[in-house]
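Input: a single structure, listed below in structure tokens.
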Amino acid sequence: MDKITLGSNSYMSKLRRSGSEFTLSVNGETFAGTYSKKSNGAIEVSMNDTNSIGFSEKNGNEIYVFLNGVNYVLKRESGVLKDNAFEEESRDTVLSPITGKLLDKKVESGDLVSKGDVVVILEAMKMEHRLKAPRDGKLSKLTLAQIGDQIKEGELMFELEEE
Amino acid sequence: MDKITLGSNSYMSKLRRSGSEFTLSVNGETFAGTYSKKSNGAIEVSMNDTNSIGFSEKNGNEIYVFLNGVNYVLKRESGVLKDNAFEEESRDTVLSPITGKLLDKKVESGDLVSKGDVVVILEAMKMEHRLKAPRDGKLSKLTLAQIGDQIKEGELMFELEEE
Amino acid sequence: MIKKILIANRGEIACRIIRACNEMSIKAVAVYSDVDVDSPHVLMADQAVNIGSANPSESYLNFDKIINAAKETGADAIHPGYGFLSENGAFAQYVKESDLIFIGPEADTIKSMGDKAESKQMMFEAGVPTIPGSDGELVGNIDSIARDIGYPLMVKAAAGGGGKGMRVVRNEGELDSSIEAAKNEARNSFGNDTLILEKFLDNPRHIEVQILGDKNGNIVHLYERECSIQRRHQKIIEESPSPAITNKFRKKMGEAAVKAAKAANYSNAGTVEFLYQEGEFYFLEMNTRLQVEHGVTEMVCGIDIVKWQIRVAQGESLTFSQKDIKQRGHSIECRIYAEDPSRGFLPTPGFIRKMILPEGPGVRNDVGVSEAQEITSSYDPLLAKLVVWDSDRGSAIQRMDLALSNFVILGLITNQPFLRDIMKNESFQKASFSTNFIDENFKDWDFPALDPQVLALALLSSKASQAQISSSAESYSPWSNNRGWRQGV
Amino acid sequence: MIKKILIANRGEIACRIIRACNEMSIKAVAVYSDVDVDSPHVLMADQAVNIGSANPSESYLNFDKIINAAKETGADAIHPGYGFLSENGAFAQYVKESDLIFIGPEADTIKSMGDKAESKQMMFEAGVPTIPGSDGELVGNIDSIARDIGYPLMVKAAAGGGGKGMRVVRNEGELDSSIEAAKNEARNSFGNDTLILEKFLDNPRHIEVQILGDKNGNIVHLYERECSIQRRHQKIIEESPSPAITNKFRKKMGEAAVKAAKAANYSNAGTVEFLYQEGEFYFLEMNTRLQVEHGVTEMVCGIDIVKWQIRVAQGESLTFSQKDIKQRGHSIECRIYAEDPSRGFLPTPGFIRKMILPEGPGVRNDVGVSEAQEITSSYDPLLAKLVVWDSDRGSAIQRMDLALSNFVILGLITNQPFLRDIMKNESFQKASFSTNFIDENFKDWDFPALDPQVLALALLSSKASQAQISSSAESYSPWSNNRGWRQGV
């Protein structure tokens, strides 16, 4: 079972192939279909009486899909158990939403912060991004990166002490 | 030594690589250069103080090259000895210049033909191609293909008896 | 209102028409022969129907298969494109009798214009200039008829074709012997020695006028196209406006074309072809369909001819009149053919291993093929039409040369290097040419001698990856059962 | 005459300018930072020079490195593009002092227009409508000044920026408390509590006029562009003409823009930006450079702005006057950004694994990236500008939607799905919008719920081939030694 996420929607999905046929299960619903690869690398999918041709490539936990005029970047978590699949992101932990450069740290580890206070400032593609405290609390962790260092998307930026 | 042909010109060529460097010999002249492959599959060649980026792919005895705004299809004969490299094509043997369909045979094997007589008619891409006798002579061979059969480029169409 | 159009064609023109349908929110149905299963026009359409084998008579030329495909998919109109059934009056009639809309002129118009003698006679009567000649069978005082027409002239077998029974007569002294020779040749070739005399144009330009008419009697012209750059009597470069004529003359030709279209009771898009020499123009023929080179007119006039074909076919009136139509700037088209210009323009089938199209301001690509596609010998070798626009002819030529130099196509021989040489040719740049241009300037054209860099790059090449080489023929195909195909919403 | 131009920029605009050079037979020199070694602008240029690290201040913003590169390669002019040094008066002056031609207005013009207060004052004096306000420091009877301007109004820190020290005042009752609050904020933020009052436009359109002037005093406008569709105060969709104004009003705005340009002693291409609300327009600022969205004007007016920039920079006069410039049809541009519209338009670096551009009539691609290219976080996330033209706005919207739907880009998140939703939005289609459009209509935009077909295709995907993933950084590069680079002839 894979958890596939796009924007705020997630889908518990599983696909079984057998020759040119496949069975897809999405959030408990099951679909049957067929597919074929085209000479130019496209894949044709036939499901629910509809044939569509698109492109699809995966890389790490990302899958890039073009289908019916829309480009998608899907996140995939493989082997997810259904029960904890839709767990909410913690309000205590703030990750970098971008890959970029650390421009400034406004507070120090251990400081008390109020909801909305700017904690760190990042820069990517000529724009500043201010990461703010999601609630009042005490800063239990703060990135060890120095000003000017490169930051990766998903890297822990700071954490608030548990309430 | 490879014989590379484009249009009416042929080049006896040999290339030796060593890391990113190469030595090219063309009809006895020698050039030194360097090369590198680009992420998009292009190749950059640096020779005679000039850098150029192009594409190149080979398939069988054909090499496809795009360089400096021109697309080339080169024919390659590998391992050619220099001595017989520029041998002329026989005036006695006529090969199909195209891939297409046999539309008609105008004479039979053993017939006498005059220079310019149409021997076979081919069709490709909605156009007729008439293959004519290159000299007066007796037809010693004629394609066994039937009218309507597919013909490949380079296939023997007919042969004249030796003079 | 038309809701779904079946496009009875393939290649770039099918793609062009499908785009127009999409933009007008009309569904597009493609038809395809077995070898075209993975062609762009099939992938672009909302639905696609297999109509048989590669042989055109069993697919793209087959009336019943096409009508059946239209009926099966619920199409209400058929667009024939160019070539194939586009100028077949019987087909147009059959479409109408099948309660479908034929996107083109009336069947009767197609039929009259398809008969060269009938169309010439009709134009002559309508007052459109035609090539002076003996008006039918050559009888009476031949010397005096010849003098009336003027030398040089052409003696032609009335039943003729393909250059047989044809002689150019330069002066009176050659007349008798030429007639004798033509008569013999005509008798031997056609079993009929009837001859006609016609004025011979030894250095003509081919200039044509685009016509657009609705079903309510409104007919306008969209000015002219210069199409003199031809090889084997087929155009390879077209432009608009023609650099050969003045604005006054342009107006005169346009009016003659409208007169011709009115005489033929014309609706929809069509083209009146003229030969032009020494300040005179003569009706050559009328093409009762969309022309390959319609794009240069669209660029210069700012009017989408294909969309208007669809609109007038469903009964809409033109929303502009002649005075609203203005030429702006200059447009050139190069036809990219799979052919070898060093060997008499022989077609060169192959497999497109890589294709990168030119981009940027004023560049339009009308393409019918894609990477990883097999170009078979079954159809016309036209791969793509590269069209540019710029403010004047000189700039347009430079833009075209740059665009050609950015057109990457690996895997088969094309005329791309040849077209670049034409752009650099001085006579072309000076617009000093006739339909003899290729013969006069490029008779023994050969590919250029190779720079050592090309050889280095060639010998540094590696084999294409397996993915690119694999043939598409073996892959599973949902179309092989002749089923309809729908792209998801 | 200019023989060689150094383009002090990167990305799509560098490519755009290089094309213009090529078409004018002018050599083009690219400059690039270390991370841009394999970028399209480097590969397209005749020569390329490495000017340093990714950090703009050490490369694209570095005066000396750019001037040195121009000197080394023998360039005689510098085109700054947009962004980077394009509106830096000191740079323009430095270029001139280095005996090179700066392709843009005079340094003094750039400096005066770069000072918002000075430029507003200059325009006010020239009789160009400016936003009514307190004309400098707020002193005297504030209530009466406020009444004269009219509500709603805006109290602003004179030294301000970035929204600090700024309050909207809806009515007289809010005035005192707003002034108090703004004063405190201004003092805390800028150490200066000087305030100004200005009329507040709560629902304005952003409409700008393209200007073109030569060095001989001729100035024309190329009509207007509608640029109201913005996110985070940055345009994402532009069109010409503006659907909001009448022809009479259009003429009035054009004349005001020419007046503004004359007041600034303007030559070369520039843009006068206005805010428009309820039948009134107000000078916002003048951009003394080529604009990102210049393409829509080129499509509609048939004038190549970049080529004219070069021509007037080398002293040529305009060959047309105002009455020769006509708008024809309608053009729309969509900026394709590497950004996530579902997360506040955050930039989304990545690797372009596959890119297929839309083609066909009326479609123009201004692209600065290519397949197998890494999009780093070092620069602006603009990947490409997709520009379409059609005869009217409705057709142009349909053409844009089709073109967007044919724009394949795999490997990173882009705003392509968001742009498609805008094309389908009713307010957009009805041209009923202001600069608040995105906030009002797409505040909580999210990617669409997935059709099971998308999930099927995703799970059927295979890993990209190794060739595509390999980074370019490790490959041997001839540029790493800061050597010039020449493409073979």
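Just so it is clear: chains get the letters A, B, ... in the order the sequence lines come, proteins before strands, and each one is counted from 1.
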For this session: Quick one: list whatever passes salt bridge (Lys or Arg N to Asp or Glu O under 4.0 Å) with D:Lys235, sequence neighbours left out.
Result: D:Glu208, D:Glu273, D:Glu293
For this session: Tell me, for A:Leu24 versus chain D, whether the close heavy atoms (under 4.5 Å) come from the side chain, the backbone, both or neither.
Result: side chain
Problem set entry | Side chains of A:Leu74 and D:Leu450 in contact at under 4.5 Å (non-hydrogen atoms) | yes
For this session: Pick whichever of D:Ile413, D:Asp340, D:Thr348 has the most heavy-atom pairs under 4.5 Å with chain A.
Result: D:Ile413
Problem set entry | Leading residue by heavy atom contact count with chain A [cutoff under 4.5 Å; candidates D:Gly350, D:Ala338, D:Pro349] | D:Pro349
Seminar exercise, completed: Applying a strict 4.5 Å limit to non-hydrogen atoms, the region of A:Val70 in contact with chain D is both
Exercise. Does a donor on one side chain sit under 3.5 Å from an acceptor on the other, for D:Ser57 and D:Asn55?
Worked result: yes
For this session: Assign the ring pair D:His41 / D:Tyr60 to parallel, tilted or perpendicular, where the plane angle (0 to 90°) is split at 30° and 60°.
Result: tilted
Seminar exercise, completed: From the list D:Gly411, D:Ala449, D:Pro417, D:Ser342, the residue making the most non-hydrogen contacts under 4.5 Å with chain A is D:Gly411
For this session: Identify which of A:Val26, A:Val45, A:Asn71, A:Leu15 forms the greatest number of heavy-atom pairs closer than 4.5 Å to chain D.
Result: A:Asn71
Exercise. With only heavy atoms counted, which part of A:Phe55 is less than 4.5 Å from chain D, the side chain, the backbone, both or neither?
Worked result: both
For this session: Go through the atoms of A:Ile4 and report whether side chain, backbone, both or neither lie under 4.5 Å from a heavy atom of chain D.
Result: side chain
For this session: Return each pair, listed once, that meets side chain to side chain donor-acceptor pair (under 3.5 Å) where at least one residue sits in residues 141-158 of chain A; pairs must be two or more places apart or across chains.
Result: none
For this session: Tell me, for D:Leu404 versus chain A, whether the close heavy atoms (under 4.5 Å) come from the side chain, the backbone, both or neither.
Result: backbone
For this session: Taking the six-membered ring for Trp and the single ring otherwise, decide whether the centroids of A:Tyr72 and D:Phe447 are under 6.0 Å apart.
Result: no
Exercise. So, D:Phe418 versus D:Phe345, ring centres under 6.0 angstrom or not?
Worked result: yes
Problem set entry | Heavy-atom proximity to chain A below 4.5 Å, by part of D:Ile356 | side chain
For this session: Could you have a look at A:Gly54, A:Ser8, A:Gly100 and say which one has the most heavy-atom pairs with chain D under 4.5 angstrom?
Result: A:Ser8
Exercise. Do you know which of D:Gly344, D:Pro448, D:Ser405 has the most heavy-atom pairs under 4.5 Å to chain A?
Worked result: D:Ser405
For this session: Look at the rings of A:Tyr35 and A:Phe22 and say which category their plane angle falls in: under 30° parallel, 30 to 60° tilted, over 60° perpendicular.
Result: tilted
